[in-house]
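Quick one: the structure is below, and I'll ask about it shortly.
Along the sequence shown, residues are numbered consecutively beginning with 1. In this text, all values refer to a predicted model and were calculated from it rather than measured experimentally.
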Amino acid sequence: MSSPDQTPVPAPTPAAKPSRRTLGVMLLLTVLGAVLVLTAAGRDWAQGRAGTLEVSVTGGKISELPGGLALVGLAAAVAVFAVRGVGRIAVGVLTLLAGLGAAATAAAGAGDTAALDGEAAGKLALAGSTATEVGHSGWPWVAVAGGVLLALAGLLTVRFGRGWPAMGSRYEAPTRTAPATTDTPADLWKALDRGEDPTAI
């Protein structure tokens, strides 16, 4: 039985690591989203025929924006470790906009036929030729999903970025400490013993 004068000891609370968890989720969403967009951009989005020839165009030929914006999102994820405070909010907004832009441009390219018509004209060597029997794949929507994941990563950065761990101090530029004030010969010798230059300004 505890004595009356003993104060209750609070139970130790487990180390909360929501910031590290959200950082990990952000990185996962960024990498997964960028991989989906970049993979989809290299696949055929539209197929058709130019006379007797089959023609197709990849997402990258229809629009270079989804892939470019995915790379912006990846770069922003790396930049998170190099900035703090308001800088992280800016990085989060950039990632959010990159994700939304990638999703929007991929959705716009899902039904595009201009690039396929251009491919057909090139195959037939006839200006103004258009592709026939046009079909579209599901890859643009994979890119849309990747863009949405990038946008979610940006939202996480805006919401939780301030609490994420920063880059270690060993990566920061070293600061030069001012040499100790030396007034007497003894101080000069002590400064030399410490490896300092007493004559430095």
Side-chain angles (χ1 to χ4, degrees), residues 15-48 55-119 131 134-173:
K17 296 181 180 179
S19 62
R20 290 187 179 276
R21 281 199 297 270
T22 54
L23 174 59
V25 172
M26 184 278 292
L27 291 174
L28 178 62
L29 290 175
T30 301
V31 172
L32 182 57
V35 167
L36 286 177
V37 174
L38 293 172
T39 300
R43 305 290 181 170
D44 289 341
W45 286 18
Q47 309 87 23
V55 290
S56 62
V57 286
T58 63
K61 282 191 175 181
I62 291 175
S63 175
E64 296 180 354
L65 279 176
L69 291 171
L71 294 177
V72 170
L74 277 177
V78 175
V80 162
F81 296 98
V83 294
R84 300 181 185 182
V86 178
R88 284 189 176 168
I89 304 302
V91 167
V93 171
L94 178 62
T95 307
L96 172 62
L97 294 177
L100 292 177
T105 52
D112 181 90
T113 58
L116 192 63
D117 290 339
E119 189 73 10
V134 176
H136 298 278
S137 71
W139 284 108
W141 305 109
V142 174
V144 170
V148 170
L149 293 182
L150 283 172
L152 290 176
L155 284 176
L156 280 178
T157 305
V158 171
R159 175 64 180 84
F160 301 104
R162 287 177 180 267
W164 290 341
M167 183 183 291
S169 58
R170 60 178 175 163
Y171 297 107
E172 297 175 355

Is there a donor-acceptor pair closer than 3.5 Å between any side-chain N or O of Thr105 and the backbone N or O of Ala102? yes
Which distance, rounded to the nearest 0.5 Å, do you find between the CG of Leu38 and the CG of Leu71? 5.0 Å
Tell me, with the steps shown, if Asp44 and Val57 meet side-chain contact (heavy atoms from CB on, under 4.5 Å). CA-CA 5 Å; Asp44 289 341; Val57 286; over 6 Å; no
To the nearest 0.5 Å, how far apart are NE2 in His136 and CD1 in Ile62? 7.5 Å
Identify the two heavy atoms, one from Ala106 and one from Val144, that lie closest to each other, and give their separation to 0.1 Å. CB-CG2, 3.8 Å
Nearest 0.5 Å, what's the CG-CG distance between Leu152 and Leu100? 9.0 Å
Is a side-chain donor or acceptor of Asp112 paired with a backbone partner of Ala114 at a separation under 3.5 angstrom? yes
Give the intermediate values and the outcome of side-chain contact (heavy atoms from CB on, under 4.5 Å) for residues Thr39 and Val142. CA-CA 9 Å; Thr39 300; Val142 174; over 6 Å; no
Looking only at heavy atoms, the pair that brings Ala98 and Val72 closest together is CB-CG1, 4.1 Å
Would you say Arg88's side chain and Trp164's backbone share a donor-acceptor pair under 3.5 angstrom? yes
Contacts of type side-chain contact (heavy atoms from CB on, under 4.5 Å), residue Ala153, not counting sequence neighbours: Met26, Leu29, Thr30, Thr95
Using a 4.5 Å cut-off on heavy atoms from C-beta on, say whether the side chain of Val158 contacts that of Leu96. no
I need the minimum non-hydrogen distance between Ala79 and Val91, along with the two atoms involved. CB-CG2, 4.2 Å
Considering non-hydrogen atoms only, spot the tightest contact between Leu36 and Gly146 and give its length. CB-CA, 3.9 Å
Please round to the nearest 0.5 Å and tell me the distance separating atom CG of Leu32 and atom CG of Leu27. 12.5 Å
Apply side-chain contact (heavy atoms from CB on, under 4.5 Å) to Leu155 and Phe160, showing your working. CA-CA 8 Å; Leu155 284 176; Phe160 301 104; over 6 Å; no
Walk me through whether Thr58 and Trp45 qualify under side chain to side chain donor-acceptor pair (under 3.5 Å). CA-CA 5 Å; Thr58 63; Trp45 286 18; over 6 Å; no
So do the side chains of Leu116 and Gln47 get within less than 4.5 Å of each other, counting heavy atoms only? no
